[in-house]
Number of protein chains: 2
Amino acid sequence: MADTGRTRQSGQVVEDLTTSLAERIANGEFPLGTWMRQAKVAEDYGVSRTPASLALSRLEAMGVLERVPNRGFRVRYPSPREIMEVFEVRAVLEGHAAYLAAGRITEVQLQQLWEQVAGFRRVVEMIREGADSEAVGAPWRHSYSTFHQTLFEAAGNSQLHEAAEALYRKLPRKISWRVLRGDPRSLTQHADEHEDITTAIEMRDGAKARQSTIAHIEAARELIIAHLPTPEPGRTRG
Amino acid sequence: MADTGRTRQSGQVVEDLTTSLAERIANGEFPLGTWMRQAKVAEDYGVSRTPASLALSRLEAMGVLERVPNRGFRVRYPSPREIMEVFEVRAVLEGHAAYLAAGRITEVQLQQLWEQVAGFRRVVEMIREGADSEAVGAPWRHSYSTFHQTLFEAAGNSQLHEAAEALYRKLPRKISWRVLRGDPRSLTQHADEHEDITTAIEMRDGAKARQSTIAHIEAARELIIAHLPTPEPGRTRG
DNA sequence: CCTCTCTAGATTGCATGCAATTACATCTAC
DNA sequence: GTAGATGTAATTGCATGCAATCTAGAGAGG
């Protein structure tokens, strides 16, 4: 069972399934190419196959899964080309978000950004001190998503946020961490870049904020591209 | 029946339903706020309620419909705020597409853009000559979507294209035409702006192409905002 | 005349059943 | 031993049934 625990309200099953599955896939619980069987999902969550099928279909519409007719859904295997494209669009969107944020951010939100920068620093320190990279993955991802969440809130354009979220969903988040965790130098650079962005926003320098964000995402893209795992065609059963 | 006519392949019903409904909604066939009943959709397409429900759920995931628990789906009523935000993100995305296109476009694609510019001119001419605005709405929308389709193809980033498409779906296309059709001056300006963009791309001037595109979309946004219809709360039955 | 309560009808949301399709293993022919 | 045909198990995709839920309207009470 992967239930959330709280009593489920009527008419919310599909919503819960979709959210939960999206989260689990993003966290890398299901390897790329894994077949998501209706019956398995239904059993896992204690529901029938109808809502399971609905949730899987929604995840396909969201770009998380791919559908093979009469064979079902599996976790999408983004091609190197697709990954590059996603990063390029992310750079444009987040760059604009940083630009907007520089002109609108509140003191509270700015402080929130600084806290996450500090969070990145702590993770870097822990890695340098030999902490288990798997254990600090969660706090790293937490700082990462909080930073971006705050950035987009400060930008004040929810459509911009949604467009970026749709892109995030196309790449499992764990990919980034798998690449970064073994490379303290890149980790430090990553933290530095977040500080650059935050500083530019604090200075209310929109152009610089945009430029720093684009540079940050392009650096991340290069790192990922260089460390792409070799694709392995997913098995059909299982 | 709103079937496409060709024999339906097995395992394609939901796909067809989703595409067809998205198209019909985008074309304004269902007024904003209209309730999309499962039974009605199922009957219209000669299928059971299961695939109808699936298609509606997918359309919600795509941002076309909104869901009210235990009451169903209805065509989303974008708020003025949301419309403004969509246009702002469109400006960023399409601006970047124009920038990329300037560096990569082929001769054939460039010619395609010019053809659509000519198409806009023809529509403007027909309106000036007193043509029925409803009748030339279709060719106008055709030129519009072909122009953008070609622009994004030339940009060569399918993620960029998908992100923009997702935004288009959030606003019924007929809205734009309803605003423009009664205003020959704006129509002419619209055509001029498309020509500016195409010229910049032809000159391989990426910065200018981006700037022209952003100016174009911002002009469209201002026009739409100024002509927003007064929202009328959708009825619950019907 | 207004407000609250109750009821009937409509609609969704989920469970289940079954035919169509597919993958995989086995068997046969050469 | 290999290529092709055949059978079986697994899986999807759609149809249908039914309980839970919601709306609208009638009727009672103030």
Side-chain angles (χ1 to χ4, degrees), chain A residues 1-4 6-21 30 33-61 64-76 232-238, chain B residues 1-4 6-21 30 33-61 64-76 232-238:
Chain A
M1 285 285 275
D3 204 314
T4 51
R6 65 187 166 79
T7 309
R8 199 152 48 212
Q9 281 192 358
S10 159
Q12 298 276 357
V13 177
V14 174
E15 207 104 354
D16 287 354
L17 280 191
T18 310
T19 311
S20 173
L21 286 174
F30 304 99
T34 307
W35 287 94
M36 305 293 287
R37 299 297 175 198
Q38 295 181 2
K40 182 71 163 56
V41 172
E43 194 189 2
D44 270 10
Y45 288 85
V47 295
S48 80
R49 280 174 40 237
T50 305
S53 172
L54 257 158
L56 293 176
S57 182
R58 288 176 64 94
L59 289 170
E60 187 216 352
V64 175
L65 302 177
E66 74 175 325
R67 174 175 171 272
V68 183
N70 291 311
R71 292 189 54 198
F73 301 91
R74 62 179 166 190
V75 181
R76 267 174 50 120
E232 170 197 347
R235 290 195 43 89
T236 54
R237 303 280 183 184
Chain B
M1 285 287 275
D3 205 314
T4 52
R6 67 187 166 77
T7 308
R8 201 154 43 214
Q9 281 191 357
S10 161
Q12 298 278 356
V13 177
V14 173
E15 206 104 355
D16 288 354
L17 279 191
T18 309
T19 310
S20 174
L21 286 174
F30 304 99
T34 307
W35 287 96
M36 306 293 288
R37 299 296 174 199
Q38 295 181 2
K40 181 71 162 56
V41 172
E43 194 188 4
D44 271 10
Y45 288 85
V47 296
S48 81
R49 280 174 40 238
T50 304
S53 171
L54 256 158
L56 293 176
S57 182
R58 289 175 64 96
L59 288 170
E60 187 215 352
V64 176
L65 302 177
E66 73 176 325
R67 173 174 171 273
V68 183
N70 291 311
R71 291 189 54 198
F73 301 91
R74 61 180 167 190
V75 181
R76 268 174 50 122
E232 170 196 347
R235 292 194 41 89
T236 52
R237 301 282 182 183

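First the proteins, then the strands, lettered A, B, ... as listed; each starts at 1. Model, not experiment: these values are computed from the prediction.
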Original post:
Which value, rounded to the nearest 0.5 Å, describes the distance between A:L56 atom CG and A:R37 atom CZ?
Top reply: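 One finds 10.5 Å between CG of A:L56 and CZ of A:R37.
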
Subject >> Inter-residue atom distance B:R58.CZ - A:L59.CG, 0.5 Å rounding >> reply: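 Taking CZ in B:R58 and CG in A:L59, the distance rounds to 10.5 Å.
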
Atom pair distance, as rounded to whole Å: [atom1] in [X] and [atom2] in [N]:
X	N	atom1	atom2	value
A:W35	D:dT12	CH2	P	9 Å
B:E15	D:dC14	CD	P	10 Å
A:Q38	C:dG17	CD	P	16 Å
A:R74	D:dT11	CZ	C1'	15 Å
A:M36	D:dT12	CE	P	11 Å
A:K40	D:dA10	NZ	C1'	16 Å
B:R49	D:dT16	CZ	C1'	9 Å
A:L54	C:dT12	CG	P	13 Å

**OP:** Using the side-chain contact (heavy atoms from CB on, under 4.5 Å) rule, take A:L65 and A:V75 through it: C-alpha gap first, then chi angles, then the decisive distance, then the call.
**Re:** CA-CA 5 Å; A:L65 302 177; A:V75 181; 4.1 Å; yes

Subject >> Side-chain donor or acceptor of B:S57 paired with backbone N/O of B:S53 under 3.5 Å >> reply: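 Not at all, since once roles are kept as given, no pair shorter than 3.5 Å links the two residues.
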
Original post:
Does a side-chain N or O from B:R67 land closer than 4.0 Å to OP1 or OP2 of C:dG13, or not?
Top reply: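 Indeed, a polar side-chain atom of B:R67 lies that close.
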
**OP:** Using a cut-off of strictly less than 4.0 Å, decide whether A:R37 has a side-chain nitrogen or oxygen near OP1 or OP2 of D:dT12.
**Re:**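 Yes, A:R37 has a side-chain N/O under 4.0 Å of OP1/OP2 on D:dT12.
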
**OP:** Looking only at side-chain atoms of A:N70, point me to the closest of C:dG13, C:dC14, C:dT21.
**Re:**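 In terms of side-chain proximity for A:N70, the closest of C:dG13, C:dC14, C:dT21 is C:dT21.
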
Original post:
If you take atom types as modelled and just measure distance, does the side chain of A:T50 reach the base of C:dT16 with a donor-acceptor pair under 3.5 Å?
Top reply: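 Checked by distance alone, the answer is yes.
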
Original post:
Hey, is the side chain of B:R71 pairing donor to acceptor with the base of C:dG13 inside 3.5 Å?
Top reply: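 Checked by distance alone, the answer is no.
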
